[in-house]
Undergrad: 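I have a structure I would like to understand better, so I am pasting it below and will then ask my questions one at a time.
Count residues from 1 along the sequence. Worth saying up front: this structure is predicted, and the values here are computed from it rather than measured. Ligands are counted one by one from 1 in listed order, and the atoms in each one are counted from 1 as well.
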Amino acid sequence: LQEIRGLIFNIQKFSLQDGPGIRTTIFMKGCPLRCKWCSNPESWNAYPEVWDFPMKCVGCGKCQEACPREAIYVDDIVRRIDRSRCTTSMECVKVCTSGGKEQVGKYVSIEETVKEIEKDVPFYKNSGGGVTFSGGEPLLQWEFVQQVLRQCKEKGIHTALDTCGHVPWSAFEEVLDYVDLVLYDIKFMDPAMHKEGTGVSNELILANLVKVAKRMRTWLRVPIIPGYNDSKSNIESIAKLGAELKVEKISLLPYHGWGEQKYDRLGLDYLYKGTAAPPEEMLQEFKGIIESYGLTVSIGS
Ligand code: SF4
Ligand code: SF4
């Protein structure tokens, strides 16, 4: 029997943003959405990739020589990877000794992941925390996630699942028995606008949400993206849905530009360059709208 392995791009310790208490967040690589403002573009593709750090490159040209696909060009001024030629063989990463090229994304075993999560049990105990699976979309790798969650539950560790919801319902069915809390991302109630910002419509997402909220403790997470979904009418419709579904909380997650450098590292264009975070008054106003529906709201977590 082949061992199931998970493709992750980060394990964040001591996270206070991904559910109650102090948490260990496992970021799974691979996502069905392409949100234009995404702060983790390295989560998109479901395979390891080359991170490019031109500032650390000393121009030795070893990566260019090593690349079997002639995808790299290096001279005194220009350092470039042609991603359309790259097959992610990582030969360049292996020969680079200055940190100019690194690999993002690695395969891990169920056992080592559980061990890593277990290391922080004392912090979970004192704070009411636990483990959160995030991404990317964890349910694209439901077999791995299911196994890790099951073992965490056996060890009495609180478990949360952060999902974009755009997966077949069968994937939810496989894992929900081992989940204590679902953090469900909602961006836009209008299907066309949802598609405009994320690349997919929201029908499947909303249909899954109704089933999840009936069965589970659910928090909605709403990123507030300037000029996209930051209208009172959108917030109002999300609040209405949250009240209907009796969700436990709505978290407003204000846009930030921290992911910008990651786009450079992957050779991608960042469309939100120079965009400011939403003003505090706007967030407070949205909070008020949601509270008027009798719901609990938090900003930033
Ligand atoms: S091997 Fe590393 S340091 Fe040398 S040119 Fe390539 S990226 Fe730069
Ligand atoms: S990962 Fe492989 S194919 Fe891609 S640039 Fe590096 S050496 Fe070339």
Undergrad: Is it true that the side chains of E174 and W142 contain a donor and an acceptor less than 3.5 Å apart?
TA: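 No, W142 and E174 have no side-chain donor paired with an acceptor closer than 3.5 Å.
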Undergrad: With heavy atoms of C96 as the reference, note each atom of ligand 1 found under 4.0 Å away.
TA: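 Near C96, the atoms of ligand 1 are 1 (S), 2 (Fe), 3 (S), 7 (S).
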Undergrad: Is I72 touching ligand 2 with its side chain, its backbone, both, or neither, if touching means heavy atoms under 4.0 Å apart?
TA: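 The side chain, only.
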Undergrad: Can you confirm whether the side chains of E116 and T24 place a donor and an acceptor under 3.5 Å from each other?
TA: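 Note: E116 and T24 side chains miss the donor-acceptor criterion.
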Undergrad: Report the nearest protein non-hydrogen atom to atom 5 (S) of ligand 1: residue, atom name, distance rounded to 0.1 Å.
TA: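 That would be G61 N, 3.2 Å.
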Undergrad: Within less than 4.0 angstrom of ligand 1, does V58 place any heavy atom?
TA: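 Within the 4.0 Å threshold, so yes.
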Undergrad: Take atom CD of E173 as the centre, draw a 6.0 Å sphere, and report whether it contains more than 12 heavy atoms from other residues, nucleotides or ligands.
TA: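 Above 12, so yes.
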Undergrad: With a 4.0 Å heavy-atom cut-off (strictly under), which part of T88 contacts ligand 2: side chain, backbone, both or neither?
TA: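 Contact part for T88 vs ligand 2: backbone (N, CA, C, O).
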Undergrad: Please find out if atom 4 (Fe) of ligand 1 and some N, O or S atom of C63 are separated by less than 2.8 Å.
TA: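 So C63 does not count as coordinating atom 4 (Fe) of ligand 1.
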Undergrad: Quiz question: by atom type and distance under 3.5 Å, do the side chains of E143 and Q147 form a donor-acceptor pair?
TA: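 The criterion, which ignores hydrogens and geometry beyond distance, is not satisfied for Q147 and E143.
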Undergrad: Can you tell me if an N/O/S atom from S89 lies under 2.8 Å from atom 2 (Fe) of ligand 2?
TA: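 S89 does place an N, O or S atom closer than 2.8 Å to atom 2 (Fe) of ligand 2.
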Undergrad: Do me a favour and list the nearest non-hydrogen protein atom to atom 8 (Fe) of ligand 2 with residue, atom name and distance?
TA: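 Among all protein heavy atoms, the one nearest atom 8 (Fe) of ligand 2 is C67 SG, 2.3 Å.
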Undergrad: Could you check atom 1 (S) of ligand 2 against the protein and tell me its nearest heavy-atom contact, residue, atom and distance included?
TA: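 Looking only at protein heavy atoms, the one closest to atom 1 (S) of ligand 2 is M90 N, 3.1 Å.
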Undergrad: Tell me: protein heavy atom nearest atom 7 (S) of ligand 2, and distance?
TA: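 Protein heavy atom at minimum distance: C92 N, 3.3 Å.
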Undergrad: Below 4.0 angstrom from a heavy atom of V50, which ligand 2 atoms are there? Numbered from 1 as shown, please.
TA: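 Result: 1 (S).
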Undergrad: Is it the side chain, the backbone, both or neither of C57 that has a heavy atom closer than 4.0 Å to ligand 1?
TA: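 Near ligand 1, C57 shows its backbone as well as its side chain.
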Undergrad: Are the side chains of V131 and H158 in contact, using a 4.5 Å heavy-atom criterion?
TA: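 Answer no - side chains too far apart.
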Undergrad: Provide the number and element of each atom of ligand 1 under 4.0 Å from a heavy atom of K101.
TA: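 This gives 7 (S) as the contact atoms.
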Undergrad: Give a yes or no on whether the ring-centroid distance for F188 and Y228 is below 6.0 angstrom.
TA: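 That pair passes the under 6.0 Å test.
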Undergrad: Would you please say whether a donor-acceptor pair under 3.5 Å links the side chains of R23 and T132?
TA: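 Note: R23 and T132 side chains meet the donor-acceptor criterion.
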Undergrad: For the residue pair S233 / S231, report whether a side-chain donor-acceptor contact shorter than 3.5 Å exists.
TA: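 Per modelled atom types, S231 and S233 side chains form a pair under 3.5 Å.
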Undergrad: Can you tell me which residue and heavy atom of the protein come closest to atom 4 (Fe) of ligand 2, and the distance to 0.1 Å?
TA: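 For atom 4 (Fe) of ligand 2, the nearest protein heavy atom comes out as C86 SG, 2.4 Å.
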Undergrad: So, does K29 use its side chain to make a donor-acceptor pair with the main chain of K106 at under 3.5 Å?
TA: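 Flag not set: sc K29 to bb K106 has no pair under 3.5 Å.
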Undergrad: In terms of residue, atom name and distance, what is the protein heavy atom nearest to atom 3 (S) of ligand 2?
TA: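 So the nearest neighbour among protein heavy atoms is T87 N, 3.4 Å.
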Undergrad: Look only at the side chain of R83 and the backbone of V50, and say whether a donor-acceptor pair between them is shorter than 3.5 Å.
TA: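 Checked: pair present.
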